[in-house]
2 protein chains.
Amino acid sequence: MTSTATRGTGAARQRIIDAAVALFFEQGAGGTSLQMIADRSDMTKAAVYYHFQAKEDILLAVITPALEGVAQVAEAAAATRSRSASLDILITGLIDQVIENRRLGAVLWADPTIAQVVVSHPMLQDVGIRIHRQLIGPNPDPATRVRVSMFGASLKAASDPALADLDADTVRQQMLDAARRLLGLRPPRSAT
Amino acid sequence: MTSTATRGTGAARQRIIDAAVALFFEQGAGGTSLQMIADRSDMTKAAVYYHFQAKEDILLAVITPALEGVAQVAEAAAATRSRSASLDILITGLIDQVIENRRLGAVLWADPTIAQVVVSHPMLQDVGIRIHRQLIGPNPDPATRVRVSMFGASLKAASDPALADLDADTVRQQMLDAARRLLGLRPPRSAT
DNA sequence: GTCTATAAGACGATAGAC
DNA sequence: GTCTATCGTCTTATAGAC
């Protein structure tokens, strides 16, 4: 269904993707070789090449589903008229995304190799540009822009090893609370 | 004077370090080869090896001065009795550090390869642990820990290409302001 | 669908000329 | 202090057996 897929029904393919995410998180995408991915997937290098034609295809398979989640958040926010409600959908949705897959969040928002791949694929880059515009809103003064950049970078906290002992829901709630304060928002309805 | 230095008086050595920082920022430390560093420094690979015995020595030469700046911030904060004053020294000092070298900040706080090198050198790791403890303070509840993680990650904003057109002082002031709100601090004396 | 075997080149690192 | 030339290893990627 997805254009990235070359062959493979799914089981071994997913094992490769999971191994890749773990290694990208630990070593960075640039520091990860196909041999490492093959070893973690309990396969040979050649078996990996059966499922993916090139290393970049593995990168894309890792990135694409995550960016699809982000794209859905952008759509939901665009469907709202009120600026403050739309902003709240954005930060809630983005935090939900990085909590849902805590490791993937770090890879997606911080790895330079991933950033290069995203930039070289306009369809992926558009998602990033669109959500960035929505976050900044109609008033792009320096204060807002700096806050939005800090918020984006702060999403990496979800995968901070120092917070690994906290359960997902606590991190989610605290991140949401802190993000609202960072961006200068009131809680939408019920207070903390 | 520094134990990292192997040979070289300084000129070519610094060119290598500058090239390395730029490449680590663009490609990640794991994705940067000695050949790339040599090309950017307008040298051959062998000439680079005259100044540094191994690739890791280049990493250390990049990290060490930056971490020394962080260590000074930690010392200044430790010399203060008041908790809120010490916290303010910490966030002001750390933001000053990442503004001073906007590219190095991103590398230092986000690259997995750098993180691995820091962990393997106890002296460097201690600096990170100490400043983390000081930021969290005597009351390590989940809310504080999540906020501190977000603050640390948010320092990467200083090197966000989307903010490259803003002058350093604007970014510094806005980051400081946002960080205080994120961590729930009052401005120490004069308001914004 | 997974394997062995291998190609062609880039990798980190060294030796020795100048 | 910088060079060329080279080492053995590891890299991405392919071909073809099973």
Side-chain angles (χ1 to χ4, degrees), chain A residues 1-2 4-24 26-63 111-114 116-117 120-121, chain B residues 1-24 26-63 107 111-114 116-117 120-121:
Chain A
M1 205 63 83
T2 47
T4 314
T6 51
R7 275 190 282 189
T9 43
R13 199 184 145 85
Q14 192 58 45
R15 254 165 61 218
I16 295 170
I17 294 177
D18 291 343
V21 172
L23 285 163
F24 292 171
E26 292 165 25
Q27 331 250 355
T32 301
S33 72
L34 280 172
Q35 185 67 69
M36 296 174 186
I37 296 174
D39 289 348
R40 275 246 192 163
S41 318
D42 277 315
M43 298 182 195
T44 60
K45 253 191 312 184
V48 173
Y49 267 105
Y50 172 77
H51 295 281
F52 298 94
Q53 280 180 344
K55 196 188 176 183
E56 192 179 277
D57 291 341
I58 303 180
L59 281 179
L60 287 172
V62 165
I63 298 168
D111 195 297
T113 308
I114 300 272
Q116 279 181 320
V117 173
S120 70
H121 289 255
Chain B
M1 206 61 87
T2 47
S3 59
T4 313
T6 51
R7 274 189 285 189
T9 42
R13 197 184 147 86
Q14 192 58 45
R15 253 166 61 220
I16 295 169
I17 294 178
D18 292 342
V21 171
L23 285 163
F24 292 171
E26 291 165 26
Q27 330 250 356
T32 300
S33 72
L34 280 170
Q35 186 67 66
M36 296 173 186
I37 296 173
D39 289 348
R40 275 245 190 160
S41 318
D42 279 312
M43 300 183 195
T44 59
K45 244 189 325 178
V48 173
Y49 267 103
Y50 172 77
H51 295 280
F52 297 93
Q53 280 179 344
K55 195 187 176 184
E56 192 179 277
D57 291 342
I58 302 179
L59 280 180
L60 288 172
V62 166
I63 299 168
V107 170
D111 196 297
T113 308
I114 301 272
Q116 280 181 321
V117 173
S120 70
H121 289 254

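Here is the naming used below: chain letters follow the sequence lines, and residue numbers restart at 1 for every chain.
- When all heavy atoms of A/Ala38 and A/Lys45 are compared, the pair lying nearest together is CB-N, 3.7 Å.
- Following rounding to the nearest Å, A/Leu59 (CG) and D/dT12 (P) show an atom-to-atom distance of 11 Å.
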Shorter than 3.5 Å, N or O on both sides, protein versus nucleotides 9-13 of chain C: list them out with atom names.
unit_1	atom_1	unit_2	atom_2	d
C/dC11	OP1	B/Ser33	OG	3.1
C/dG12	OP1	B/Leu34	N	3.3
C/dG12	OP1	B/Lys55	NZ	3.4
C/dG12	OP2	B/Leu34	N	2.9
C/dG12	N7	B/Lys45	NZ	3.2
C/dA13	OP2	B/Tyr49	OH	2.7
C/dA13	OP2	B/Lys55	N	2.9
C/dA13	O5'	B/Tyr49	OH	3.2

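- If you take CG of A/Asp39 and P of C/dT2, they are 16 Å apart, rounded to a whole angstrom.
- In this structure, B/Asp111 contributes its side chain and B/Gly28 its backbone to no donor-acceptor pair below 3.5 Å.
- Not counting sequence neighbours, A/Glu56 has no partner by the salt bridge (charged side-chain N to carboxylate O under 4.0 Å, His left out) test.
- Applying the side-chain contact (heavy atoms from CB on, under 4.5 Å) rule to A/Met36 yields the partners A/Leu23, A/Thr32, A/Ser33; only residues at least two apart in sequence or on another chain are considered.
- Listed pair A/Tyr50 / C/dT2 fails the phosphate criterion, with no side-chain N or O lying under 4.0 Å from OP1 or OP2.
- We find that CZ of B/Arg15 is positioned 11 Å from C1' of D/dG1, with the value rounded to whole Å.
- Of all heavy-atom pairs spanning B/Ser41 and B/Arg15, the tightest one is O-NH2, 2.5 Å.
- Of all the heavy atoms in B/Ala54 and B/Tyr49, the pair that sits closest is CA-CE2, 4.1 Å.
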